[in-house]
Peer 1: 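Dumping the structure here so I can ask a few things about it.
Remember, it's 1-based here, ligands and their atoms both numbered in the order they're listed.
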Amino acid sequence: MEAQQHFDVVIMGGGYAGNVQARHLTRKIPGIKVAVIDPRSDEKVASIHKIGESTVEIGAIFLSKELGLVDYLIENHLPKCGLAFHWPKDPAQTDSIDDYHSIWPPRFPKVGTFQVHRGKLERDLRAMNKADGVSFFQGKVKDFQMREDDEAHEVEIRVSGEGRIKLSADHLIDAASRAFLTGKKTDNIIHDPEDLYGLHTGAVWVRVKGVDRELFRKDPDPLKTATSHYYSTNHWFGHGHWFWMIPICDDSMSISIGAMFHHSEVDGSKLDRKEKFLDFVKSNHRALFDIVDSGEIEDFVYWKKPSHLCKQMFSKDNWYAIGDAAYFGDAFYSLGTTTIAFAVESVTEIIRAKHAGECPDSIEDKRSAYNDFNVYYGQTVMHLYRDHHKHLGNASAMSWRIYLEYMWWFGVWVPAFIGKWHLDPEFARATIRHCEKGFFKTMYDDFSRMIDEGRNAGFIDCYRADQLAFGYCPTDEHTEYMEDAIFEPQRLDIYTSLARTYFLTSLFVLKYQWKAFGLPGLLSPRTWRRSLRLLAKSGYMKMGSLRHRFENRGRPVSAAHAQQTQDFKDYVYKPNLQPWTSLAQPEQDETIDTLPRRVQEAAPSGIPSAPAGM
Ligand SMILES: Cc1cc2nc3c(=O)[nH]c(=O)nc-3n(C[C@H](O)[C@H](O)[C@H](O)COP(=O)(O)OP(=O)(O)OC[C@H]3O[C@@H](n4cnc5c(N)ncnc54)[C@H](O)[C@@H]3O)c2cc1C
């Protein structure tokens with residue numbers, strides 16, 4: 001065995017989470033020594049079909065801004081046009097997309113999002129990390145010892161052709177996904193659906209190349225707005241399941257098509273082979289089947305039970321679990337890269353503070369707050385799928401559910417992430433204190449009751465501004481953070497966003513009760529209790545907003561803009577051009593006859609000579 005090598009950070013697993021963590025660490029902590037261990041070769045990484053192609057706002061802005069990859073993403077992957085949702089008007093007739101009730105995004109989102117080719121992205125991230133000095137070991141973690149307090153951890157790797165190598169590290173990150181390396185050693189993982197808010201799903205998918213995209217839509221943008229629905233993540237719903245359809249940027253413009261299904265409603269044993277899966281698609285979504293059938297299927301994957309949750313993510317003993325090593329719920333809303341963004345930024349900040357020798361008490365304060373926040377976010381993501389098995393196929397219930405969940409995504413989570421509020425320990429703890437799972441459960445119960453009673457609350461479109469009140473649209477932000485680029489940490493007024501989200505949610509409750517249950521629903525004391533509680537919380541958040549404004553009085557809304565304003569004070573307009581080529585400055589004795597043809601043509605006729613500097 002080779003002599004032991006020491007690193008500041010060893011990352012076990014170099015998939016998406018491991019690679020983005022390594023890049024984030026090297027960008028934020030100059031000189032940090034990082035090692036990544038993964039058994040797959042570069043060629044293997046690029047060629048595998050990995051799911052997780054669809055990014056949403058938080059995952060995408062993390063890649064674009066925090067990792068500095070925006071140009072790379074534009075040039076190597078695909079733009080994404082939000083999420084589109086389709087429910088069959090009649091499950092027995094699904095021949096074309098016109099047989100579905102649809103919610104279409106009318107424009108590309110303000111925060112640019114992407115459909116990424118996961119293999120390509122991971123291969124390229126790996127190359128960027130190597131170029132930035134990250135040590136890469138192509139091998140499998142054979143064993144490791146997690147030490148207590150600040151004692152170095154030890155990792156043993158088996159590298160093909162080289163035998164065993166031993167590494168030691170101040171910080172050990174488990175990004176090895178479902179190998180559950182730290183999870184097994186610490187009994188950290190929860191698999192039982194009872195502890196996952198009843199979530200008991202399976203996943204099955206294929207990648208298809210060379211499809212006839214006109215089978216989806218002849219006109220990619222029938223709403224006549226500037227977008228292409230082919231580039232959305234298209235969700236096709238049915239009873240107890242939903243399918244995704246995502247375009248992928250490769251030589252044959254493949255698409256990724258797959259389903260998440262609930263074992264209580266769909267018998268997984270009837271989906272676990274390609275032929276059975278195709279039969280299911282053909283019977284339940286003929287239009288989608290025709291798209292698959294027009295191309296060539298490249299692979300087939302079936303996972304019986306992908307969901308799990310962990311109890312701890314960031315230990316005081318300097319080990320961390322991120323990505324699927326920590327938790328995964330369901331692919332709905334494409335949240336994988338988002339959950340990783342929250343975790344990676346938290347881990348980097350803990351390690352940065354330790355590396356910088358900051359006060360141990362303040363580091364421990366951050367570590368415990370970040371751990372609790374990230375575990376809480378994992379539970380929140382899991383809760384987001386509660387009772388999906390009852391709701392997915394019902395267009396009315398799901399359209400209301402998506403509308404509500406979008407209100408909170410764009411009103412709470414996206415601005416919190418952009419404003420870096422999750423890195424403020426006080427805010428992270430307050431988020432947990434103000435947990436709204438109880439409220440969401442009451443809404444999910446009401447969606448179930450509506451379905452059980454055979455009622456219909458109509459169809460609500462989360463992209464329209466005429467569905468709730470005051471021209472509100474859930475995908476619009478509540479403050480000007482995009483326009484004014486208030487990106488400095490904790491500068492963005494998250495409290496205004498929270499106050500408006502609570503206020504509008506209280507209206508949502510009233511409107512839903514009225515639409516679903518009529519006057520008895522609207523007048524029920526339960527409805528008013530809920531609505532008034534949300535209003536009270538809105539008022540409370542408004543006070544937070546006033547405090548935030550007071551604390552930030554006199555501070556510019558954006559330091560960059562303030563600097564530009566300052567620089568502009570000395571600006572004086574000088575109405576002249578600088579000489580730009582020698583051709584434009586002919587010698588004093590040069591006549592027009594000796595000038596090149598281009599200059600002669602520009603001269604008015606009848607002028608015999610052209611003095612220099614004319
Ligand atoms: C069906 C489905 C659809 C999804 N769709 C989306 C989506 O559209 N958008 C989205 O954002 N997320 C999506 N996700 C989630 C997303 O795929 C994951 O969050 C993400 O891939 C997790 O990345 P990771 O790095 O943790 O795991 P991986 O990418 O799986 O990487 C783990 C790495 O660990 C390595 N490894 C394993 N064992 C060892 C060992 N012993 N030693 C060293 N290395 C090891 C592996 O080789 C691998 O490279 C989806 C998930 C599923 C199940």
Peer 1: For atom 17 (O) of ligand 1, what's the nearest protein heavy-atom neighbour? Residue, atom name and distance, please.
Peer 2: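 For this ligand atom, the closest protein heavy atom is I51 O, 3.5 Å.
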Peer 1: What do you reckon, does R40 have a nitrogen or oxygen under 3.5 Å from a nitrogen or oxygen of ligand 1?
Peer 2: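 Min N/O separation from ligand 1 is below 3.5 Å for R40.
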Peer 1: Starting from atom 34 (O) of ligand 1, locate the nearest protein heavy atom and write down its residue, its atom name and how far away it is, to 0.1 Å.
Peer 2: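 Residue, atom and distance for the closest contact: A176 CA, 3.3 Å.
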Peer 1: Taking the side chain as everything from C-beta on, heavy atoms only, tell me whether V204 gets closer than 4.5 Å to W303.
Peer 2: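 SC-SC contact between V204 and W303 ruled out.
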Peer 1: Give a yes/no on ligand 1: does I37 have at least one heavy atom closer than 4.0 angstrom to it?
Peer 2: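 So I37 counts as touching ligand 1.
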Peer 1: Can you name the nearest heavy-atom pair linking F137 to A35, along with the distance?
Peer 2: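 Nearest pair, atom of F137 first, then A35: CE1-CB, 3.9 Å.
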Peer 1: What protein heavy atom sits nearest atom 3 (C) of ligand 1, and how far away is it?
Peer 2: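 Here the nearest protein heavy atom works out to A331 CB, 3.3 Å.
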Peer 1: What is the nearest protein non-hydrogen atom to atom 15 (C) of ligand 1, stated with its residue, atom name and distance?
Peer 2: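 Ranking protein heavy atoms by distance from atom 15 (C) of ligand 1, first comes F328 CE1, 3.6 Å.
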Peer 1: Which of the numbered atoms in ligand 1 are below 4.0 angstrom from a heavy atom of S54?
Peer 2: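 Selected atoms, number and element: 7 (C), 8 (O), 9 (N), 10 (C), 11 (O).
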Peer 1: Should A175 be listed as contacting ligand 1, given a heavy-atom distance under 4.0 Å as the test?
Peer 2: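 Yes, A175 has heavy atoms under 4.0 Å from ligand 1.
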Peer 1: Which atoms of ligand 1 are found less than 4.0 Å from any heavy atom of A203?
Peer 2: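 In order of numbering, the contacting atoms are 1 (C).
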Peer 1: Salt bridge or not for R164 and E156, using N-O below 4.0 Å?
Peer 2: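 Yes, R164 and E156 are salt-bridged.
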Peer 1: Check K120, K130, R123 against D42 for a salt bridge (charged side-chain N to carboxylate O under 4.0 Å, His left out) and give me the one that passes.
Peer 2: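 When salt bridge (charged side-chain N to carboxylate O under 4.0 Å, His left out) is applied between D42 and each of K120, K130, R123, only K130 qualifies.
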Peer 1: Identify the closest protein heavy atom to atom 48 (C) of ligand 1: which residue and atom is it, and at what distance?
Peer 2: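 It is D38 OD2, 3.3 Å.
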Peer 1: Heavy-atom contacts under 4.0 Å between A179 and ligand 1: side chain, backbone, both, or neither?
Peer 2: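 It is the side chain that touches ligand 1; the backbone stays farther off.
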Peer 1: Does Y16 reach ligand 1 with a nitrogen or oxygen that is under 3.5 Å from one of the ligand's nitrogen or oxygen atoms?
Peer 2: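 N/O-N/O distance under 3.5 Å: yes.
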Peer 1: So is P39 close enough to ligand 1, meaning a heavy atom under 4.0 angstrom away?
Peer 2: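 Judged by the 4.0 Å heavy-atom criterion, P39 does count as contacting ligand 1.
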Peer 1: Does the side-chain contact (heavy atoms from CB on, under 4.5 Å) test come out yes or no for M146 and D317, once each step is laid out?
Peer 2: CA-CA 8 Å; M146 296 151 83; D317 294 326; over 6 Å; no
Peer 1: Would you call the rings of F332 and F85 parallel, tilted or perpendicular, taking 30° and 60° as the class edges?
Peer 2: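 It falls in the tilted class, 30° to 60°.
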Peer 1: At a non-hydrogen distance cut-off of under 4.0 Å, which region of A17 contacts ligand 1 (side chain, backbone, both, or neither)?
Peer 2: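 For A17, the contact with ligand 1 is made by both the backbone and the side chain.
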Peer 1: Measure the distance from atom 42 (N) of ligand 1 to every protein heavy atom, then report the residue, atom name and distance (to 0.1 Å) of the closest one.
Peer 2: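 Going by distance alone, atom 42 (N) of ligand 1 is nearest to V141 N, 3.0 Å.
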Peer 1: Find out whether the Lys NZ or Arg CZ of K366 is both under 6.0 angstrom from the six-membered ring centre of F314 and within 45° of the ring's axis.
Peer 2: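 The answer is no; the distance or angle limit is not met.
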Peer 1: Should the pair K184-D174 be classified as a salt bridge under the 4.0 Å nitrogen-to-oxygen rule?
Peer 2: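 Not counted as a salt bridge, because no side-chain N and carboxylate O are separated by less than 4.0 Å.
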Peer 1: Check each of G52, S177, P306, G13 against atom 7 (C) of ligand 1 and report the one with the nearest heavy atom.
Peer 2: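 Among G52, S177, P306, G13, the closest heavy atom to atom 7 (C) of ligand 1 comes from G52.
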Peer 1: Measure across I340 and G323 and return the closest heavy-atom pair with its distance rounded to 0.1 Å.
Peer 2: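 Smallest heavy-atom distance, with atoms named: CG1-CA, 3.6 Å.
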Peer 1: Out of curiosity, is R118 lining ligand 1, as in a heavy atom under 4.0 Å away?
Peer 2: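 The answer is yes, since R118 has a heavy atom less than 4.0 Å from ligand 1.
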Peer 1: Any nitrogen or oxygen of G336 lying under 3.5 Å from a nitrogen or oxygen in ligand 1? Just yes or no.
Peer 2: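 Yes.
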Peer 1: Which ligand 1 atoms, with their elements, are less than 4.0 angstrom from a heavy-atom of W303?
Peer 2: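 This gives 53 (C) as the contact atoms.
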Peer 1: Name the closest protein heavy atom to atom 1 (C) of ligand 1, giving the residue it belongs to and the distance to 0.1 Å.
Peer 2: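 Checked against all protein heavy atoms, atom 1 (C) of ligand 1 sits closest to W244 CH2, 3.5 Å.
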Peer 1: Answer yes or no: is there a side-chain heavy-atom contact under 4.5 Å between K28 and R352?
Peer 2: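 Answer no - side chains too far apart.
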Peer 1: Do you know which two heavy atoms are closest between Y302 and G268, and how far apart they sit?
Peer 2: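 Nearest pair, atom of Y302 first, then G268: OH-O, 3.3 Å.
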Peer 1: Evaluate the side-chain proximity of I29 to I351: yes if any heavy-atom separation is below 4.5 Å, no if none is.
Peer 2: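 Contact flag for I351/I29 side chains = yes.
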Peer 1: Report the nearest protein non-hydrogen atom to atom 29 (O) of ligand 1: residue, atom name, distance rounded to 0.1 Å.
Peer 2: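 Among all protein heavy atoms, the one nearest atom 29 (O) of ligand 1 is K50 NZ, 2.3 Å.
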Peer 1: Can you sort out which atoms of ligand 1 are near G323, meaning under 4.0 Å from one of its heavy atoms?
Peer 2: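 Here the atoms of ligand 1 in question are 26 (O).
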Peer 1: Would you call D132 and R23 a salt bridge, using N to O less than 4.0 angstrom?
Peer 2: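 Salt bridge present between D132 and R23.
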